[in-house]
Amino acid sequence: LLINDGSSEFEVLNNIPLDLIYDDDKYTVSGAPQNVSMTLEGPNSVMTPLVRQKNFEVYVNLEGYGPGVHTVNVQHSGISNRLHVNIEPRTVQVTIEEKVEREFDVGVDLINDQELVENYEIGDAKITPGKVTITGGKELVDSVALVKAMVDVRDTTETIENVQAPVKVYDMQGNELDVLVEPNVVDVTVPIDVPSKQVPIEVQTEGEPAEGYAIQSVTPDVEEVTIYGPLEAISQIGRIANINVDTTDLSESETQEVVVPVPDGIRKVEPETIEVDIEVMESKDQAEQVIDSIEIGVANPPEEGSVSFL
């Protein structure tokens with residue numbers, strides 16, 4: 001804002017950054033505003049390039065101050081002494097504390113977990129890394145009560161894998177603390193357990209074995225599989241029967257790996273494949289057996305004569 005009253009010019013500058021000069025390896029400073037306002041008065045020839053270039057600094061010099069509460073003047077540099085400068089506020093009150101850093105375990109805060117899809121369950125979350133370093137004033141760091149990674153699970157139906165979650169820090173009253181967190185984002189995996197149940201399987205053969213051979217037995221390595229999906233879908237399934245092995249032109253026993261089909265409405269089946277042992281035998285092994293010494297009785301034999309067998 002430029003004001004000309006005929007004798008001098010005024011310029012009002014807002015949102016001028018306020019720099020803090022202090023030993024940031026040893027201390028933290030709080031309480032100072034981020035920006036100040038400044039009014040300049042003086043000749044246009046001096047004012048215009050200063051306003052355009054903004055090559056000046058407004059600061060608070062805290063060198064030599066130790067821990068505690070201090071009221072300090074706001075200063076400036078890089079402004080011609082031909083200009084009258086008024087800074088608002090002229091002084092600021094700051095709190096200086098010893099800087100400390102401490103390591104904290106990170107937990108998980110699941111947002112909207114009450115809105116998870118019905119019958120789905122949340123498993124134990126995995127956080128990487130599991131610890132973060134928090135840096136700040138001693139009093140502030142001493143007040144840390146909770147360190148949480150935030151993950152939204154609304155309407156989730158499958159495991160959340162390696163989502164990048166922001167880390168938030170709170171005191172005992174649940175107030176978020178303004179501290180430096182490193183890293184401030186962690187990777188989180190949240191298992192979402194889908195409803196499941198075990199069902200029996202039936203294996204069927206397709207095709208005819210080689211001439212002179214027959215299938216003696218078909219034996220899967222498991223009797224049941226686990227199906228996963230919405231409760232309504234899995235409740236409709238009592239068994240999985242359409243598992244087929246190809247026995248076309250087989251002349252010797254073998255083991256086949258076959259895929260277990262996923263029924264409609266089901267998310268997945270475990271195991272996804274099974275092994276089936278197929279026993280093949282020669283057809284002559286199925287020949288009729290001769291059984292000796294079998295007594296044969298005759299119903300209603302004739303009153304005269306006899307009955308004989310050849």
Side-chain angles (χ1 to χ4, degrees), residues 15-37 58-74 88-116 120-156 159-192:
N15 298 318
I16 303 300
L18 178 63
D19 294 331
L20 304 179
I21 302 174
Y22 67 100
D23 187 350
D24 61 358
D25 290 330
K26 293 177 58 177
Y27 301 115
T28 65
V29 176
S30 60
Q34 291 185 339
N35 301 297
V36 296
S37 297
V58 180
Y59 62 93
V60 171
N61 187 355
L62 299 173
E63 291 182 337
Y65 288 86
V69 179
H70 308 279
T71 300
V72 187
N73 292 327
V74 178
E88 183 61 38
R90 295 181 179 182
T91 63
V92 295
Q93 187 178 80
V94 298
T95 300
I96 300 177
E97 293 184 87
E98 290 183 29
K99 177 184 281 189
V100 297
E101 64 178 40
R102 197 173 301 161
E103 202 171 56
F104 289 85
D105 292 327
V106 184
V108 174
D109 193 354
L110 299 177
I111 306 171
N112 297 316
D113 58 327
Q114 298 303 314
E115 299 184 37
L116 192 68
Y120 285 65
E121 297 181 353
I122 300 174
D124 294 332
K126 179 183 177 183
I127 307 167
T128 305
K131 295 179 181 291
V132 296
T133 299
I134 294 178
T135 303
K138 184 178 185 304
E139 183 176 346
L140 203 58
V141 174
D142 286 344
S143 70
V144 173
L146 294 171
V147 181
K148 295 287 189 179
M150 320 296 286
V151 179
D152 191 345
V153 296
R154 183 198 302 267
D155 298 331
T156 299
T159 292
I160 301 171
E161 295 190 12
N162 295 324
V163 63
Q164 288 198 320
V167 179
K168 304 292 185 180
V169 182
Y170 303 94
D171 63 14
M172 286 296 294
Q173 287 71 46
N175 302 310
E176 187 173 350
L177 301 179
D178 184 15
V179 290
L180 177 65
V181 183
E182 181 61 37
N184 60 1
V185 173
V186 293
D187 289 334
V188 180
T189 295
V190 182
I192 304 297

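- Under the 4.5 Å side-chain criterion, counting only non-hydrogen atoms from C-beta, V58 is in contact with V74.
- Residues passing the side-chain contact (heavy atoms from CB on, under 4.5 Å) test with I21, sequence neighbours excluded: Y59, N61, E63.
- Residues forming a side-chain contact (heavy atoms from CB on, under 4.5 Å) with Q93 (at least two apart in sequence, or on another chain): V69, T71.
- Residues E97 and P67 have side chains not in contact (no heavy-atom distance under 4.5 Å, counting atoms from C-beta outward).
- For the pair V60/D19, no side-chain contact is recorded, criterion being any heavy-atom separation below 4.5 Å from C-beta on.
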Donor-acceptor pairs under 3.5 angstrom involving side-chain atoms of residues 163-171: please list them, not counting sequence neighbours.
unit_1 : atom_1 : unit_2 : atom_2 : d
D171   : OD1    : Q173   : N      : 3.0
D171   : OD1    : G174   : N      : 3.1
D171   : OD1    : N175   : N      : 2.8
D171   : OD2    : N175   : ND2    : 3.2

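- Using a 4.5 Å heavy-atom cutoff, the side chains of I134 and V144 are in contact.
- When side chains are defined from C-beta on, I16 does not count as touching L18, because their heavy atoms never get closer than 4.5 Å.
- Remark: S37 pairs with N14 by the side-chain hydrogen bond (donor to acceptor under 3.5 Å, both in side chains) rule, at least two apart or across chains.
- Annotation: salt bridge (Lys or Arg N to Asp or Glu O under 4.0 Å) contacts involving residues 177-188, sequence neighbours excluded, are absent.
- Partners of D152 by side-chain hydrogen bond (donor to acceptor under 3.5 Å, both in side chains), not counting sequence neighbours, listed by chain and number: N112.
- Sorted by first and then second residue, the salt bridge (Lys or Arg N to Asp or Glu O under 4.0 Å) pairs with a member in residues 122-150 read R102-D142, D105-K131, K138-D142; sequence neighbours excluded.
- Between I127 and the choices V151, V190, V108, the side chain to side chain contact (heavy atoms under 4.5 Å, CB included) rule is met once, by V108.
- Judged as a side-chain hydrogen bond (donor to acceptor under 3.5 Å, both in side chains), and not counting sequence neighbours, the contacts of T189 are N162.
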List, one per line, each side-chain donor-acceptor pair under 3.5 Å for residues 26-36, sequence neighbours excluded.
unit_1 : atom_1 : unit_2 : atom_2 : d
T28    : OG1    : G137   : N      : 3.4

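- Side-chain contact between K99 and D25 is absent, with no heavy-atom pair separated by less than 4.5 Å.
- For the side chain to side chain contact (heavy atoms under 4.5 Å, CB included) with Y65, the qualifying choice from I96, D23, V94 is I96, the only one to do so.
- Distance check, rounded to the nearest 0.5 Å: CD1 of I111 to CE of M150 gives 4.0 Å.
- The closest side-chain heavy-atom distance from V141 to T135 is not below 4.5 Å.
- Nearest heavy-atom pair across P183 and V132 is O-CG1, 3.5 Å.
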